Q: 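Handing you this structure, nothing more for now.
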Amino acid sequence: MSFSAPAVDHGDGASISSIHPDIITAHILTRLDGQTLASAACASSELQACCAEEKLWRDVNTTTWPSITDPRVDDLISTFPAGHRSFFSDSFPLLDHSPSQLDFSPSCPTTELISAVDMFYKDQVIFSKVQESETESGWFLCSPFRVDLLDQKETVPTPIRHVGEDQKSLEHLEDNLSLSWIVIDRARKRAANLSSRRAVTVQRHWLTGEIQLRFVTILAAEKKGEYVQCGMVVMCKGSEGGELHVREVSMKVEGMEGNHLNGRESLLLLQRAIEGGKRRKEVNGKARFGEYLEMKRERRERKERREKALDMICIAVGVTILIAFWSFVLFR
């Protein structure tokens, strides 16, 4: 249901309805970003009609995610229920896959996942790529799930000057480098942004000096109380010219035991997240990752306590058997 906003009289009887829709669309709505455009659509029935224009949402999406100008993605988005408007509502909010979605059953099989990835430095795009991943072969289903966007010897130059060795330089990257990793399910005509936008950790390798930025979204696993991390890694290294080069952009899914999930397990989790996962405007990825690490620590400590208790029981049983044996020998 839509509600019309009351006309505001400024003394000359002017209201939003008195402005020609073409003027609103061409000179006002084109200046809005996606969030503001979505809010404007809720203001009145007139604005709702104007904001439904497909070209507006196409422009918003391609500005936000340059990678989707790829014809493979653009053609697929046109088949979404509301085109680019549906894609924005799926992809802009951060994914917050909660335990309430554990009983969700995927509606249809997934034959292909498409990754549309964009990396930004201070709002300037420095890397964009689209990659398709088939999901039906035995190799995919049984092998550890991993998507690599760069070949082993491939690097991407950036405008980022080689950062120093101090912590402040790493914090600069954490604050200014952002990543969007949208996974599109062709069969469902749905999408989800799996990146935390900002890195949850930024570390420098002690030996090579390479910088690793990790972007993570925490997903609920099959078993109640279990979680997995969908982690995206960006590896950067310095060049002779002084600027940073990106040499790795990859994604994998890891369990709480540190195990890498295979394609079959990862696909089920991604299906559930894309189609049934909750989305929020703001999610503190770093805090959520910290909570996940704390759960892993507690889990590890519980396991160590169980193993220690089992070791003590085995030792006690062994000592008892040994005492009984010697008693039998001595008093025979």
Side-chain angles (χ1 to χ4, degrees), residues 64-68 73 90-97 113-121 125-133 135 143-152 154-156 158 160 170 173-185 191-205 210-221 227-237 244-256 258-263 265-267 269-270 273-274 277 279 283-293 296:
T64 307
W65 306 291
S67 61
I68 68 169
V73 179
D90 271 355
S91 305
F92 185 80
L94 293 174
L95 191 63
D96 184 26
H97 193 55
L113 293 176
I114 300 177
S115 295
V117 181
D118 297 282
M119 194 185 311
F120 301 87
Y121 175 68
V125 61
I126 60 175
F127 175 81
S128 287
K129 187 168 184 178
V130 170
Q131 183 155 310
E132 298 168 320
S133 302
T135 60
S143 301
F145 176 79
R146 183 182 175 101
V147 180
D148 282 292
L149 300 186
L150 296 177
D151 294 332
Q152 192 171 17
E154 185 180 3
T155 61
V156 177
T158 74
I160 309 171
L170 299 182
L173 285 179
E174 181 180 335
D175 294 337
N176 293 283
L177 195 69
S178 61
L179 178 74
S180 169
W181 192 306
I182 299 173
V183 173
I184 308 168
D185 189 328
N193 199 332
L194 298 177
S195 176
S196 52
R197 286 209 184 109
R198 300 293 180 185
V200 299
T201 62
V202 183
Q203 298 174 331
R204 184 188 299 277
H205 193 279
E210 293 182 327
I211 299 173
Q212 182 195 77
L213 297 97
R214 179 177 291 274
F215 304 80
V216 172
T217 291
I218 305 302
L219 304 178
Y227 295 87
V228 300
Q229 59 167 309
C230 183
M232 286 126 278
V233 170
V234 175
M235 292 290 293
C236 302
K237 65 177 183 178
L244 281 182
H245 283 211
V246 177
R247 74 162 189 84
E248 178 187 334
V249 183
S250 63
M251 176 176 68
K252 59 185 177 182
V253 181
E254 184 179 311
M256 297 186 75
N259 56 306
H260 294 170
L261 274 63
N262 62 29
E265 297 165 330
S266 300
L267 181 60
L269 288 168
L270 294 178
I274 291 172
R279 292 158 171 82
V283 175
N284 190 329
K286 197 168 186 176
R288 193 66 56 88
F289 183 59
E291 294 170 0
Y292 174 77
L293 293 180
K296 285 186 65 175

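Just so it is clear, the structure is predicted and the values come from calculations on it, not from any experiment.
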Q: Mind checking salt bridge (Lys or Arg N to Asp or Glu O under 4.0 Å) for Lys129 and listing every partner two or more places apart, or none if nothing turns up?
A: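 Here no residue qualifies.
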Q: With the side chain counted from C-beta on, respond yes when Ile114 and Val73 share a heavy-atom pair under 4.5 Å apart, and no when they do not.
A: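 Answer yes - side chains close enough.
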Q: Going by side-chain contact (heavy atoms from CB on, under 4.5 Å), name the residues that satisfy it together with Glu265, two or more places apart in sequence or in a different chain.
A: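 Residues passing side-chain contact (heavy atoms from CB on, under 4.5 Å) with Glu265: Leu261, Asn262.
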Q: Looking at CZ of Arg197 and OG of Ser180, how far apart are the two atoms once the value is rounded to the nearest 0.5 Å?
A: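 Rounded to the nearest 0.5 Å, the CZ-OG separation comes to 7.5 Å.
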Q: Is there side-chain contact between Ile160 and Leu177, with heavy atoms separated by less than 4.5 Å?
A: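 In short, these two side chains touch, coming nearer than 4.5 Å.
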Q: Return the set of residues passing ring-ring contact (aromatic ring centres under 6.0 Å, His included) with Phe92 (not counting sequence neighbours), or none when no residue passes.
A: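 So Phe92 forms a ring-ring contact (aromatic ring centres under 6.0 Å, His included) with Phe88.
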Q: Thr201: what forms a side-chain hydrogen bond (donor to acceptor under 3.5 Å, both in side chains) with it, not counting sequence neighbours?
A: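 Scan of Thr201 (side-chain hydrogen bond (donor to acceptor under 3.5 Å, both in side chains), adjacent residues dropped) gives none.
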Q: Would you name the heavy atoms of Ser195 and Met232 that are closest together and state the gap between them?
A: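 Smallest heavy-atom distance, with atoms named: CA-SD, 3.8 Å.
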Q: Please round to the nearest 0.5 Å and tell me the distance separating atom CD1 of Ile211 and atom NE2 of His205.
A: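 Interatomic distance, Ile211 CD1 to His205 NE2, rounded to 0.5 Å: 12.5 Å.
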Q: To the nearest 0.5 Å, how far apart are CG in Asn193 and CG in Leu94?
A: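 Here the rounded value is 6.5 Å.
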Q: What residues form a salt bridge (Lys or Arg N to Asp or Glu O under 4.0 Å) with Asp175, not counting sequence neighbours?
A: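 If we apply the salt bridge (Lys or Arg N to Asp or Glu O under 4.0 Å) test to Asp175, skipping adjacent residues, there are no hits.
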Q: List the steps, then state whether side chain to side chain contact (heavy atoms under 4.5 Å, CB included) holds for Val183 with Val147.
A: CA-CA 11 Å; Val183 173; Val147 180; over 6 Å; no
Q: Grab the two heavy atoms, one from Thr135 and one from Ser133, that are nearest each other, plus how far apart they are.
A: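 For Thr135 and Ser133, the tightest heavy-atom pair comes out as CG2-O, 3.6 Å.
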Q: Any chance you could lay out the side chain to side chain contact (heavy atoms under 4.5 Å, CB included) test for Tyr292 and Tyr227, step after step, and finish with the verdict?
A: CA-CA 8 Å; Tyr292 174 77; Tyr227 295 87; 4.0 Å; yes
Q: Any side-chain heavy atom of Ile182 within less than 4.5 Å of one from Asp90?
A: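 No, side chains not in contact.
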Q: Go through the structure and list residues passing salt bridge (Lys or Arg N to Asp or Glu O under 4.0 Å) with Arg146, not counting sequence neighbours.
A: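 By the salt bridge (Lys or Arg N to Asp or Glu O under 4.0 Å) rule, Arg146 matches Asp148, Glu248.
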Q: Flag the pair Val249 / Phe127 as yes when at least one side-chain heavy-atom distance between them is below 4.5 Å, and no otherwise.
A: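 When only atoms from C-beta onward are counted, Phe127 and Val249 do touch, with a gap below 4.5 Å.
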Q: Could you pull out all residues at least two apart from Thr158 that satisfy side-chain hydrogen bond (donor to acceptor under 3.5 Å, both in side chains)?
A: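 Testing Thr158 for side-chain hydrogen bond (donor to acceptor under 3.5 Å, both in side chains), a comparison that skips the adjacent residues, returns none.
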Q: Who are the side-chain contact (heavy atoms from CB on, under 4.5 Å) partners of Arg198, not counting sequence neighbours?
A: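 Partners of Arg198 by the side-chain contact (heavy atoms from CB on, under 4.5 Å) criterion, ordered by chain and then number, come out as Ser178.
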Q: List the atom of Arg279, the atom of Ile274, and the distance in Å for their closest heavy-atom pair.
A: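 Shortest heavy-atom separation between Arg279 and Ile274 comes out as NH2-O, 2.8 Å.
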Q: If the condition is side-chain hydrogen bond (donor to acceptor under 3.5 Å, both in side chains), which residues does Asn176 pass it with, not counting sequence neighbours?
A: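 Testing Asn176 for side-chain hydrogen bond (donor to acceptor under 3.5 Å, both in side chains), a comparison that skips the adjacent residues, returns His172.
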Q: How long is the gap from NZ on Lys286 to OG on Ser196, to the nearest 0.5 Å?
A: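 Going from NZ on Lys286 over to OG on Ser196, the span is 10.5 Å.
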Q: Could you state the interatomic distance from CD (Gln229) to NZ (Lys252), rounded to the nearest 0.5 Å?
A: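 Taking CD in Gln229 and NZ in Lys252, the distance rounds to 8.5 Å.
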Q: Once side-chain contact (heavy atoms from CB on, under 4.5 Å) is applied, do any residues pair with Glu291, and if so which ones, sequence neighbours excluded?
A: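 Listed in chain order: Arg288.
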Q: Taking only residues two or more places apart in sequence, or in another chain, which ones meet Glu154 in a side-chain contact (heavy atoms from CB on, under 4.5 Å)?
A: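 By the side-chain contact (heavy atoms from CB on, under 4.5 Å) rule, Glu154 matches Leu150, Asp151.
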Q: Using a 4.5 Å cut-off on heavy atoms from C-beta on, say whether the side chain of Leu270 contacts that of Phe145.
A: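 Yes, close enough: below the 4.5 Å cut-off.
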Q: Taking Leu194's backbone N and O only, do any of them form a donor-acceptor pair with Thr217's side chain (distance below 3.5 Å, no angle check)?
A: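 Yes; at least one donor-acceptor contact below 3.5 Å.
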Q: Side chains of Leu244 and Leu173: does their closest heavy-atom pair fall under 4.5 Å?
A: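 Leu244 vs Leu173: side chains touch.
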Q: Identify the two heavy atoms, one from Ala116 and one from Ile68, that lie closest to each other, and give their separation to 0.1 Å.
A: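 Smallest heavy-atom distance, with atoms named: CB-CG2, 4.2 Å.
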Q: Not counting sequence neighbours, which residues clear side-chain hydrogen bond (donor to acceptor under 3.5 Å, both in side chains) with Asp118? List them please.
A: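 In terms of side-chain hydrogen bond (donor to acceptor under 3.5 Å, both in side chains), with neighbours along the sequence ignored, Asp118 is linked to Ser67, Ser128.
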Q: Can you measure from CE (Met251) to CG (Leu113) and round to the nearest 0.5 angstrom?
A: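 Met251 CE to Leu113 CG: 7.5 Å, rounded to 0.5 Å.
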